[in-house]
Amino acid sequence: MKLHVFSCTLALALAAVPAFATARINTAQRFLDDMHENALKASDNATTASAYSAMDGMDWQGYLPYLSSLKNDINRMGKDLAHLKAMPEMESPAARQALRRVEPLLKQAALQADQATEFFNAHHDTLWQPHYVNQLKSISTESNRIAALLHDARQIPTLQQREAALRRDLSASKRH
C-alpha cells in the first residue's frame with residue numbers, strides 16, 4: 001500500500017516538472033517581452049526629451065516627465081536583465097547571446113541617463129546644449145539597439161518550431 005502511495009506521489013511530482021519548466025520559460029519570455037517594451041519606451045522618451053531640449057524657450061518642467069520615465073524604463077530593464085541572468089538554463093541559446101549583447105548597451109544607456117540627469121539638474125537654463133541633446137539621442141539609439149536584439153531573440157524560438165515542423169513534413173513526404 002505504501003509503495004502505491006509513493007508511486008502516485010512520484011508520478012504527480014514528475015508530471016509537475018514539465019509544467020514548472022513551462023512556467024519558468026513563460027516567465028523568462030515575459031521578462032524578455034517586458035525588456036523589449038521598456039527599451040522601446042526608453043527610446044521614445046529619450047527622443048522626446050532631446051527634441052524638447054533643442055527647442056528654444058521650452059520650459060524644463062515640460063519634459064521632466066520624459067526624463068523621469070526614461071530613467072524608470074532603464075531601471076526596469078536592469079531588473080529584468082538581472083532576473084533573466086538568474087535563470088539562464090531556461091533561456092534559448094539565442095536569448096542568452098542577445099542578453100550578453102544587451103548588457104553592455106544597457107550599462108551604457110544607464111550611465112548616459114545618469115549623466116543626462118546630472119546635467120539636467122545643474123543646467124535647467126541651458127538644456128539646449130548640443131552635448132546634452134546628443135546624449136539623449138545616444139540613449140535613444142542604444143535603447144533601439146536593445147529593442148532590436150530582444151525582438152530577434154524573441155522570434156528565434158518560433159522560427160525554430162516552424163523549421164522543425166517543416167523538417168518533419170519533409171521527412172514524412174520523403175517516406176511516402
Side-chain angles (χ1 to χ4, degrees), residues 21-55 58 60 62-121 127-169:
T22 300
R24 294 269 310 207
I25 290 170
N26 289 340
T27 299
Q29 187 65 39
R30 228 178 4 256
F31 282 127
L32 281 173
D33 292 346
D34 289 348
M35 269 186 83
H36 178 259
E37 183 179 326
N38 285 317
L40 293 174
K41 287 179 187 178
S43 177
D44 288 346
N45 284 317
T47 298
T48 302
S50 69
Y52 283 167
S53 66
M55 289 182 183
M58 181 70 182
W60 63 269
Y63 75 99
L64 178 60
Y66 297 102
L67 192 58
S68 295
S69 292
L70 169 63
K71 295 260 311 172
N72 289 334
D73 297 334
I74 290 172
N75 287 336
R76 282 191 295 270
M77 283 191 286
K79 289 177 184 175
D80 290 342
L81 179 63
H83 288 295
L84 285 165
K85 286 175 66 176
M87 59 171 88
E89 72 280 0
M90 291 296 149
E91 284 304 306
S92 68
R96 280 194 302 271
Q97 181 181 8
L99 292 176
R100 281 192 299 273
R101 294 176 67 193
V102 160
E103 189 169 12
L105 296 173
L106 184 56
K107 285 180 182 179
Q108 181 64 25
L111 176 65
Q112 290 178 332
D114 286 343
Q115 291 170 348
T117 301
E118 288 173 16
F119 185 89
F120 176 86
N121 289 335
L127 296 175
W128 49 264
Q129 291 186 15
H131 169 74
Y132 179 68
V133 173
N134 289 335
Q135 194 165 44
L136 291 170
K137 288 178 182 178
S138 178
I139 295 168
S140 177
T141 300
E142 297 297 320
S143 297
N144 276 328
R145 290 176 62 197
I146 291 168
L149 286 167
L150 294 172
H151 177 268
D152 292 348
R154 290 168 49 224
Q155 298 303 313
I156 288 174
T158 302
L159 294 174
Q160 288 171 332
Q161 289 172 352
R162 286 183 190 163
E163 178 188 21
L166 289 172
R167 285 182 191 271
R168 282 190 304 273
D169 291 347

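When reading the values below, keep in mind they use all heavy atoms of this one structure, side chains included, and skip hydrogens, waters and symmetry mates.
Contacts of Ala98 classified as side-chain contact (heavy atoms from CB on, under 4.5 Å), with partners at least two apart in sequence or in another chain: Ala153. Residues passing the side-chain hydrogen bond (donor to acceptor under 3.5 Å, both in side chains) test with Gln108: none are found, sequence neighbours excluded. Partners of Lys137 under the salt bridge (charged side-chain N to carboxylate O under 4.0 Å, His left out) rule, at least two apart in sequence or in another chain, do not exist in this structure. Shown here are the salt bridge (charged side-chain N to carboxylate O under 4.0 Å, His left out) partners of Lys79, two or more places apart in sequence or in another chain: there are none. For the side-chain contact (heavy atoms from CB on, under 4.5 Å) test, residues two or more places apart in sequence or in another chain that qualify with Ser140 are Ser43, Ala46, Thr47, Asn144.
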Mind listing the side-chain donor-acceptor pairs of residues 31-39 below 3.5 Å, one per line with the distance, residues two or more places apart or on another chain?
unit_1 : atom_1 : unit_2 : atom_2 : d
Asp33  : OD1    : Gln29  : NE2    : 3.2
Asp33  : OD1    : Arg154 : NE     : 2.6
His36  : ND1    : Arg154 : NH1    : 2.9
Glu37  : OE2    : Lys41  : NZ     : 3.2
Asn38  : OD1    : Arg76  : NE     : 3.3
Asn38  : ND2    : Asp34  : O      : 3.1

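Counting heavy atoms of neighbouring residues, nucleotides and ligands inside a 6.0 Å radius, atom OH of Tyr132 exceeds 12 of them.
Among all heavy-atom pairs drawn from Ser138 and Gln112, the shortest one is OG-NE2, 3.0 Å. Heavy-atom minimum distance, Met77 versus Ala42: CE-CB, 4.2 Å.
For the pair Leu67/Asn45, no side-chain contact is recorded, criterion being any heavy-atom separation below 4.5 Å from C-beta on. Between Ile139 and Ile74 the shortest side-chain heavy-atom distance falls below 4.5 Å.
Taking the charged nitrogens against the carboxylate oxygens, Asp80 and Arg30 have no contact shorter than 4.0 Å, which rules out a salt bridge.
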Would you please test Lys85 and Leu81 for side-chain contact (heavy atoms from CB on, under 4.5 Å) and show each step?
CA-CA 6 Å; Lys85 286 175 66 176; Leu81 179 63; 4.0 Å; yes
Go through it in stages, so that I can follow the logic: the residues are Tyr63 and Phe120, the test is side-chain contact (heavy atoms from CB on, under 4.5 Å), and I'd like the CA-CA distance, side-chain angles, deciding distance and then a yes or no.
CA-CA 11 Å; Tyr63 75 99; Phe120 176 86; 4.0 Å; yes
side-chain contact (heavy atoms from CB on, under 4.5 Å), that's the test. Do Leu136 and Ser53 meet it? Break it down for me.
CA-CA 9 Å; Leu136 291 170; Ser53 66; 4.0 Å; yes
Show the numbers, then the answer: is there a side-chain hydrogen bond (donor to acceptor under 3.5 Å, both in side chains) between Gln135 and Gln115?
CA-CA 9 Å; Gln135 194 165 44; Gln115 291 170 348; 2.8 Å; yes
side-chain contact (heavy atoms from CB on, under 4.5 Å) between Leu149 and Leu105, worked out:
CA-CA 10 Å; Leu149 286 167; Leu105 296 173; 3.7 Å; yes
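Ser143 OG to Asp73 CG: the interatomic distance, rounded to the nearest 0.5 Å, is 8.0 Å. Interatomic distance, CG of Leu40 versus NE2 of His151, reported as 9.5 Å (0.5 Å rounding).
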